[in-house]
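Just dropping this structure here.
In what follows, chains carry the letters A, B, and so on, assigned in the order in which the sequence lines appear, proteins first and then strands, with residues in each chain numbered from 1. Worth saying up front: this structure is predicted, and the values here are computed from it rather than measured.
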Number of protein chains: 2
Amino acid sequence: MKYTIKNVAKIANVSITTVSRVLNGEKGVSPKTRRRVLNVIEELGYSPSASARTLKTSLSKTIGIAVPDTLGDFYGEVINGIESTATENGYNLIVSLNHHIIKEELAAVNFFKAKKVDGAILVTTLGDDDYVRFLIENGFDIVLLDRDPHGLKVDTVKTDNFHGGYMATEYLLNLGHSAILFIQGLSYLDSSRERFNGYKKALKDKGIKRDDTFVLDGDFTTKSGYSAIKRYLKGHGLDFTAIFAANDQMAIGAIKALHDKGISVPEDVSVIGFDDSYMAPYVIPPLTTIKQRREEMGRVATELLLSRINSRDERKKTPRQVIVPVDLIERESAIPISSKRRR
Amino acid sequence: MKYTIKNVAKIANVSITTVSRVLNGEKGVSPKTRRRVLNVIEELGYSPSASARTLKTSLSKTIGIAVPDTLGDFYGEVINGIESTATENGYNLIVSLNHHIIKEELAAVNFFKAKKVDGAILVTTLGDDDYVRFLIENGFDIVLLDRDPHGLKVDTVKTDNFHGGYMATEYLLNLGHSAILFIQGLSYLDSSRERFNGYKKALKDKGIKRDDTFVLDGDFTTKSGYSAIKRYLKGHGLDFTAIFAANDQMAIGAIKALHDKGISVPEDVSVIGFDDSYMAPYVIPPLTTIKQRREEMGRVATELLLSRINSRDERKKTPRQVIVPVDLIERESAIPISSKRRR
DNA sequence: TTGTATGCGTTATCAC
DNA sequence: GTGATAACGCATACAA
């Protein structure tokens, strides 16, 4: 029931070489024979064995992607961007989830190696840089997404987190707020840290001295945003007028925590998020946020990777860092401070 | 830089057969030799070529999963369940997204075939049954997730959609509601249809005659839930007291649409969703919903598949249909009708 | 306990 | 324009 090139050859009355030529669209086959072969292939529903091909050519037409998980809008959309670009170019995807666990990341590497992927995209990986270096030394073309190069010679694609953090904070500042809470995400991630840096810089530029107690821990989940604010309120009461959360999910959690205490958004407290997730427009009130072009990041990363894979040039192109711009999406969760003062 | 079994053999001063034995953990190798070989493997960072292995054994230790996309909570969690179970059992994952497009589903089939996956899990596929049949005839072990067998001899895993729909509706009914809107999801999906059937049955059992205008179209997106209610309100005004949405996202969209018209949830209108998505507890008001065990579905499907793959038995086990139970999660978006009557 | 030889399904090299 | 054949890296039947 499983046909091989040999079967096709026999039935079409040609050599396997000819079949192979047809398969790969090479010239040097008469239109007539080509037709015949194609017919047999169609009839049999034959498809060539990828493993035999890979074994022979050491090219798999496959790219590996390592991603923490598939939860939340971010990774899902990034994957979509990667997948469609890959597919358009005839490449397939092998996905490895690592659940934010370094050991599993390492497993992915061996997996990719064994599968002979032509290249890999590492999304938000946290492993130390040795891990990335290892991959490079093993001759893999790779690109890092949502992660800094840390001095390594790799292509990277990331959101302009710093500027996004700056914009968000500046926006609140211009609205008249100065007591602005920041809920950070996983603090060991570059993206979270840079948003934080943007926050700090914006405050500094306005000459506002930063209060360390205004920086709350979160982990990018809605729950963590909720808990952070709930805890803060219990400890400090309402001594702030605005919140900048490092992503929308935490912002939504924060709004809920405020709501539970009878504090209204945006009348009492303005909130701004980061991502522009699907839910943002439907939150009550609709969430003002920094839009991150997630799918585009996936696309760009894939294009970078494929261009690298297909570069015959031995002295590979120098590493490229692309920074995807962000936009401020104004909705209703942040308003001027003057319009409240209800406390 | 790329090592083969031959390199390992030479350096360890043994035959490739011995290396192969070590690799596969077979007995019949002296502890001493095994050690030595293992050391060389470690040193070289050698990992066996999956393609050569697959070519030889026609076993890839890989399962393919075809899924519409990775957006929203549902697919993400299902994939997580599949992935962890697969990994635990030494299987790897090849993911194919089809964006709800039949043609791309078909492409996935060929992909799986070429990659010689040992089995496949098809999630929410919509292709006609021939497509599934084709896969079966080609000797693939497959299991369908979130899809009915439609008379085919395949394992399936699905949520108890009918009962879930029934429970949700009954719950509203018991709260005193009788004018209950239903927002359906993609109507060609089994899951959406069954939730609808549950809704109809519950109404019927209570002797309430169903109003066709009470059934609104949606596509499982938040936006579609929002639009559906907005449109309905414009056409009919507020002639209902409750809404059952076929998933949480649409429920959230619906709440927003009501809110925009100054209609309060749950005081004026009760809303119930389906899924128990991550966002459900953080919506304002927290969403009452039917919990779907997404990750478990992924786990079960994978276990089913692996057991089938590993069944030496030629006359394969008869098809199994597992229905994963649902739970009603009471939160605050649905309340008794008596406590309002504010209109 | 260890090794030799064959073949899996392709592509590539060379001949015709 | 077409075909025979070696090789890719591994697992395995068979020897030793």
Side-chain angles (χ1 to χ4, degrees), chain A residues 1-38 40-41 44-62 90 110 113-118 138-139, chain B residues 1-38 40-41 44-62 90 110-118 138-139:
Chain A
M1 200 91 311
K2 293 269 171 167
Y3 299 105
T4 74
I5 199 174
K6 222 182 263 180
N7 300 320
V8 177
K10 176 172 284 179
I11 299 182
N13 238 307
V14 294
S15 72
I16 61 172
T17 309
T18 302
V19 178
S20 175
R21 283 190 183 115
V22 172
L23 244 26
N24 296 290
E26 289 169 28
K27 44 176 44 180
V29 181
S30 78
K32 197 182 286 185
T33 2
R34 188 180 296 273
R35 261 248 134 285
R36 191 149 34 96
V37 173
L38 249 18
V40 175
I41 289 176
L44 260 37
Y46 160 80
S47 69
S49 151
S51 24
R53 245 182 198 171
T54 301
L55 180 58
K56 187 62 188 154
T57 62
S58 63
L59 250 52
S60 60
K61 279 295 205 174
T62 293
N110 284 318
K113 210 171 141 189
K115 289 286 182 186
K116 291 241 181 321
V117 299
D118 297 334
N138 268 268
Chain B
M1 197 91 312
K2 292 270 171 168
Y3 299 104
T4 74
I5 198 174
K6 224 183 263 181
N7 304 130
V8 177
K10 177 171 285 179
I11 299 183
N13 238 307
V14 294
S15 73
I16 63 169
T17 307
T18 301
V19 178
S20 175
R21 285 195 181 111
V22 172
L23 245 25
N24 296 292
E26 288 169 28
K27 44 175 45 182
V29 182
S30 77
K32 196 182 286 183
T33 334
R34 187 179 297 273
R35 262 250 134 284
R36 188 148 38 95
V37 173
L38 249 19
V40 176
I41 290 177
L44 261 37
Y46 162 80
S47 69
S49 150
S51 24
R53 253 188 190 166
T54 301
L55 181 58
K56 184 64 187 155
T57 62
S58 62
L59 250 51
S60 60
K61 279 295 206 175
T62 293
N110 283 318
F111 181 35
F112 289 161
K113 209 170 141 188
K115 289 287 182 185
K116 291 243 180 321
V117 299
D118 297 334
N138 268 267

message = Checking B:Val40 against B:Val37 for the side-chain contact (heavy atoms from CB on, under 4.5 Å) test, could you report, in this order, the C-alpha distance in whole Å, the side-chain angles of both residues, the deciding distance, and whether it holds?
response = CA-CA 5 Å; B:Val40 176; B:Val37 173; 5.8 Å; no
request  = Begin from the C-alpha positions of A:Asn24 and A:Ser20 and carry the test side-chain contact (heavy atoms from CB on, under 4.5 Å) through to its verdict.
outcome  = CA-CA 6 Å; A:Asn24 296 290; A:Ser20 175; 3.5 Å; yes
Letter per nucleotide, 5' to 3', of nucleotides 7-16 of chain C [B base touched, S only sugar-phosphate touched, - untouched; heavy atoms, 4.0 Å] = BBBBBB-B--
ask   = How far apart are the C-alpha atoms of A:Ser49 and B:Lys115, what are their side-chain angles, what is the distance that settles it, and do they pass the side-chain hydrogen bond (donor to acceptor under 3.5 Å, both in side chains) test?
value = CA-CA 7 Å; A:Ser49 151; B:Lys115 289 287 182 185; over 6 Å; no
ask   = Between A:Asp118 and A:Thr62, is any pair of side-chain heavy atoms under 4.5 Å apart?
value = no
task = List the steps, then state whether side-chain contact (heavy atoms from CB on, under 4.5 Å) holds for B:Leu23 with B:Tyr46.
result = CA-CA 11 Å; B:Leu23 245 25; B:Tyr46 162 80; 3.8 Å; yes
inquiry  = Is it the case that the side chain of A:Thr57 and the backbone of A:Arg53 share a donor-acceptor pair, with hydrogens and angles ignored and the cut-off at 3.5 Å?
reply    = yes
remark   = Rounded to whole Å, the CZ-C1' distance (A:Arg36 to D:dG1) equals 12 Å
inquiry  = Using side-chain contact (heavy atoms from CB on, under 4.5 Å), reason through A:Leu38 and A:Val22 one step at a time and then give a plain yes or no.
reply    = CA-CA 7 Å; A:Leu38 249 18; A:Val22 172; 3.3 Å; yes
query = Near DNA chain D, which residues from residues 27-35 of chain B have a heavy atom under 4.0 Å away?
reply = none
query = Do side-chain atoms of B:Ser60 reach the backbone of B:Lys116 as a donor and acceptor pair under 3.5 angstrom?
reply = yes
